[in-house]
There are 2 protein chains.
Amino acid sequence: MSQTGARRPGPDLPLTFDDVRAAADRLAGVAHRTPVLTSRTLDALTGATVLLKAENLQRTGAFKFRGAYHRISALSAAERDRGVCAWSSGNHAQAVALSAALTGTRATVLMPEDAPAAKRDAAEQYGATILTYDRYGTDREDGVRHLTEDRGMVFVHAFDDPMVMAGQGTAALELIEDVRTLDALVVPMSGGGLMAGSATAARALLPGVELVGAEPAAGNDTALSLAAGRRIRIPVGRTIADGQQAATPGELTFEVNRHAVDAVLLADDDALIATMVLLYERLKTVVEPSGASALAVVLANAERFAGRRVGVVLSGGNVGAARFAALLSSAAS
Amino acid sequence: MSQTGARRPGPDLPLTFDDVRAAADRLAGVAHRTPVLTSRTLDALTGATVLLKAENLQRTGAFKFRGAYHRISALSAAERDRGVCAWSSGNHAQAVALSAALTGTRATVLMPEDAPAAKRDAAEQYGATILTYDRYGTDREDGVRHLTEDRGMVFVHAFDDPMVMAGQGTAALELIEDVRTLDALVVPMSGGGLMAGSATAARALLPGVELVGAEPAAGNDTALSLAAGRRIRIPVGRTIADGQQAATPGELTFEVNRHAVDAVLLADDDALIATMVLLYERLKTVVEPSGASALAVVLANAERFAGRRVGVVLSGGNVGAARFAALLSSAAS
């Protein structure tokens, strides 16, 4: 605990608590203030008091709406005329698509070819134009360059943008406002935007809180990067957690998270499926694989969290019923 | 609408609004005040304003806890010493088991052999003793007679008991308190206890509300009975809606419902599965087949409900993930 002072975000970081509070003001009445779910079963299984921030119930089914709307709603009239573009495995795509529709601009989204069909369909239903790329190849950056340089669109990064990070942090801000005290906060990590925003809010309101990231075992770029003290790039993780396949942490998010995050714990695919089933059967709530990751690491490390008040972000719920059934049969076989 | 006066429950009925209010007082702080869920998607699909009372989030995963706890918590000390018994396809079993545990008595429950394993396991986990019978045979009454006459237990009926009916009615009471006005209220029906209690509350608070029951197409005993003006018994319905397989309406519930219910609409198994998938994918919430029936009939009869404020009870959410997957594949084949 002697490092507490050093770990606290300082004025040299790309994000401050005032930024998160400003995002909360902008999101009021637009984003859902999602509920905090509790369960006697979860508390019995973990020995902890588990407080679930249900971002699976956020608009577009994931926390991503917070950051995207915060960013896009701040565009100038000239920027809105040119439109926005983004790349996303799915949830950021829907978030950008809806935010564009709500603010009177147009969205074009690059999505990997293997993104879940439900996520692609949803982004199209919100009115976005979808272009696809090979997730395991390298043509994504070329696509973005064409849209921004040749066509003048504003690129909305999924995480490495202070306004996006500030928007995502409103999830933790609301959770802490609602439950008042926490001993630990467990947040799914991919690019690191949700954690960067959440950590900024949590460190300001609860300086002693332990901040724990959750990553898929096959996509542990943040765990490796924090251990190395610099951003490590890994091959794109082959995991069912399609929302957590970033190959390396963001540059700005890592600046925040390297100071703020106490530990990153890993969940393998079977643990993600088991957690999805537990949430389905006992809490009657639907999370996607990425959305289950924070609770999965709490369940797998119950002794670490026993006796404490633990905030856990369920980051998203966009999984089709048929895909859920297929995941169940893959885990059972 | 000239029949409105005649349809209103009068003092000769087995249940009054005061009974429902008394049940609400007894349940305060014990049962969950479940949330009212809304969805832009549902409103767009139906043209109505749909207000979902989420009893899938009730303790034990279904509205049944309300009635069982109301009944069992009123037992005398001598009755508690002898214990309670019940028969149930599942949700009443869990409700009786938990209510017995909370009030310091013991429960023995007769369940059909083909009841979902998740429901049987849950009742056992709450400490109940489970005995099984053949749902399509006739040995259930013999089992109950043995437990009550030979062993002195108090029988807790799943629906045909004024205290149980009053407890179930608190679901509609809460919904109306929360949403204030409704043009129609759609309630799943099996034995008719949830409707009898809900109708009693709704007619008192909103005299002009249309009351619509929902039954599985293969278990339409209430629709037939209301049309005939007397209780009709049918063979046990072979439907996936395991919570709606009563062969005939209750005697007391029918006395209330024959005056109160305006219509009964039917849902076949494919419509129940499609509604479960819609709730899973768009509202991220889990309902069992019976729990989907009221929303299923609203979706199938959208023109009837368009432009109106429609309360819909999601009565339960006790379906295992593996069973959900099996239902999906049966519907797809």
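- Only the backbone of A/A322 comes within contact range of chain B, with heavy atoms under 4.5 Å apart.
- Partner of A/L51 under the side-chain contact (heavy atoms from CB on, under 4.5 Å) criterion, chosen from A/T181, A/L42, A/V36, A/L185: A/V36.
- Using a 4.5 Å cut-off between heavy atoms, A/R323 does not touch chain B at all.
- Listed here is the closest heavy atom pair of B/V187 and B/S198: CG2-CB, 4.3 Å.
- Side-chain atoms of A/T34 and A/Q58 form no donor-acceptor pair, as typed in the model, at a separation below 3.5 Å.
- Residue A/E288 does not touch chain B at all, counting heavy-atom pairs closer than 4.5 Å.
- In A/R282, the CZ atom is not crowded: 12 or fewer heavy atoms of neighbouring residues, nucleotides or ligands sit closer than 6.0 Å.
- No hydrogens or angles considered: nothing links the side chains of A/E113 and A/T132 as a donor-acceptor pair under 3.5 Å.
- Between B/S293 and B/Q244, the shortest heavy-atom distance links the atoms OG-NE2, 3.1 Å.
- Residue B/L37: no heavy atom, backbone or side chain, is found under 4.5 Å from chain A.
- Within the model, atoms CG of A/L57 and OG1 of B/T285 stand 8.0 Å from one another, a figure rounded to the nearest 0.5 Å.
- Contact residues of residues 311-321 of chain B toward chain A are B/G317, B/N318, B/V319, B/G320, B/A321 (heavy-atom distance under 4.5 Å).
- The side-chain heavy atoms of A/F65 and A/V30, taken from C-beta on, include a pair separated by under 4.5 Å.
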